[in-house]
Each structure stands twice: as structure tokens, then as C-alpha cells.
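Below: the structure, in C-alpha cells.
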Amino acid sequence: YLGSFSSVQVPIKINFTQQEDELVINATGQPSTPLENLGNGKFAFSQAGLMIQFNEQKTGFKLTVSGQNLEFTKDK
């Protein structure tokens, strides 16, 4: 899950890092935030209503926030 991801839908870069046993999201212009692991490649940040579902290959994910679904792919 670690690495940098981007989307053709929005001009935002999202980087995932690991701190201790938590996946941490770092989005352009936003503070770093640890995510709750829901299992099966699904992560959440409940306070912001943010849901992330990685694909099986971990080459991309769907970000759901405020009723919008945005597709991100891993940067090469």
C-alpha cells in the first residue's frame, strides 16, 4: 500500500507511509493522518468521512469522500 498515487480526475497527489503498524495518508495540502484498517484492502478516516478501497494488485484505489468516487493509480 505504500507509495505515491495520483488521479486524472483531481490534481491531488496522495502518498501512503507507515508509522508503527498504521497506514498514514499524506494528501496535498492536508495534514498526515493515520487510517483505520477495515481489512481486505479497505481503510477509513471516519472523522472526514473518507473511505479507501485498494484493488487486489495494490496498484490503485478508489477514494470515496462526500459522495464522490475518485480513482487513483500508483505513480511509476
Side-chain angles (χ1 to χ4, degrees):
Y1 303 116
L2 305 180
S4 180
F5 295 78
S6 56
S7 174
V8 296
Q9 295 172 281
V10 289
I12 296 172
K13 288 266 189 196
I14 293 181
N15 190 46
F16 292 99
T17 57
Q18 184 176 344
Q19 289 180 358
E20 297 171 15
D21 286 340
E22 293 182 309
L23 185 66
V24 176
I25 186 171
N26 303 281
T28 305
Q30 300 296 317
S32 297
T33 306
L35 298 173
E36 178 185 359
N37 187 346
L38 304 177
N40 295 320
K42 193 172 202 174
F43 296 86
F45 179 50
S46 302
Q47 292 97 324
L50 187 138
M51 190 74 64
I52 292 170
Q53 177 66 63
F54 280 90
N55 62 22
E56 285 185 26
Q57 301 80 18
K58 299 179 184 77
T59 57
F61 64 89
K62 179 173 70 173
L63 170 68
T64 304
V65 62
S66 303
Q68 287 188 303
N69 292 315
L70 304 170
E71 297 287 337
F72 284 78
T73 54
K74 193 166 199 167
D75 295 336
K76 304 238 184 290

Checklist entry - Does the side chain to side chain contact (heavy atoms under 4.5 Å, CB included) test come out yes or no for Phe43 and Ile25, once each step is laid out? => result CA-CA 10 Å; Phe43 296 86; Ile25 186 171; over 6 Å; no
Donor-acceptor under 3.5 Å ([X] side chain, [Y] main chain):
X	Y	answer
Thr28	Ile12	no
Gln18	Glu20	yes
Thr33	Pro31	yes
Ser66	Gln68	no

Item to check | Sub-4.5 Å side-chain heavy-atom contact between Asn37 and Leu23 | outcome: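 Side chain of Asn37 against side chain of Leu23, heavy atoms only: no contact under 4.5 Å found.
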Item to check | Phe45 side chain near Ile52 side chain, heavy-atom distance below 4.5 Å | outcome: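 No - every pair of side-chain heavy atoms lies 4.5 Å or more apart.
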Identify the heavy atoms of [X] and [Y] that sit nearest to each other, and give their distance.
X	Y	answer
Asn15	Gly3	OD1-O, 2.8 Å
Glu71	Ser7	O-OG, 2.9 Å
Ala48	Val65	O-CG2, 4.0 Å
Lys74	Leu2	NZ-O, 2.8 Å

Item to check | Residues Asp75, Lys13; criterion side chain to side chain contact (heavy atoms under 4.5 Å, CB included); working and verdict | outcome: CA-CA 9 Å; Asp75 295 336; Lys13 288 266 189 196; 3.0 Å; yes
What distance do [X] atom [atom1] and [Y] atom [atom2] have between them, rounded to the nearest 0.5 Å?
X	Y	atom1	atom2	result
Asn40	Lys42	CG	NZ	9.0 Å
Thr17	Tyr1	OG1	OH	15.0 Å
Phe16	Phe72	CZ	CZ	8.5 Å

Item to check | Transitive ILVMFWY side-chain link Ile14 to Val10, under 4.5 Å | outcome: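 Yes, Ile14 connects to Val10 through the hydrophobic network.
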Checklist entry - Linking I/L/V/M/F/W/Y whenever any side-chain heavy atoms sit under 4.5 Å apart, do Leu63 and Leu35 land together? => result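 Leu63 and Leu35: one cluster.
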Next on the checklist: Within the supplied structure, the quantity of interest is the number of heavy atoms (other residues, nucleotides, ligands) at a distance under 6.0 Å from Gln19 CD; does it exceed 12?
Outcome noted: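 No - once you tally the heavy atoms of other residues, nucleotides and ligands closer than 6.0 Å, there are 12 at most.
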Item to check | Evaluation steps, side-chain hydrogen bond (donor to acceptor under 3.5 Å, both in side chains), between Thr64 and Asn69 | outcome: CA-CA 5 Å; Thr64 304; Asn69 292 315; 2.7 Å; yes
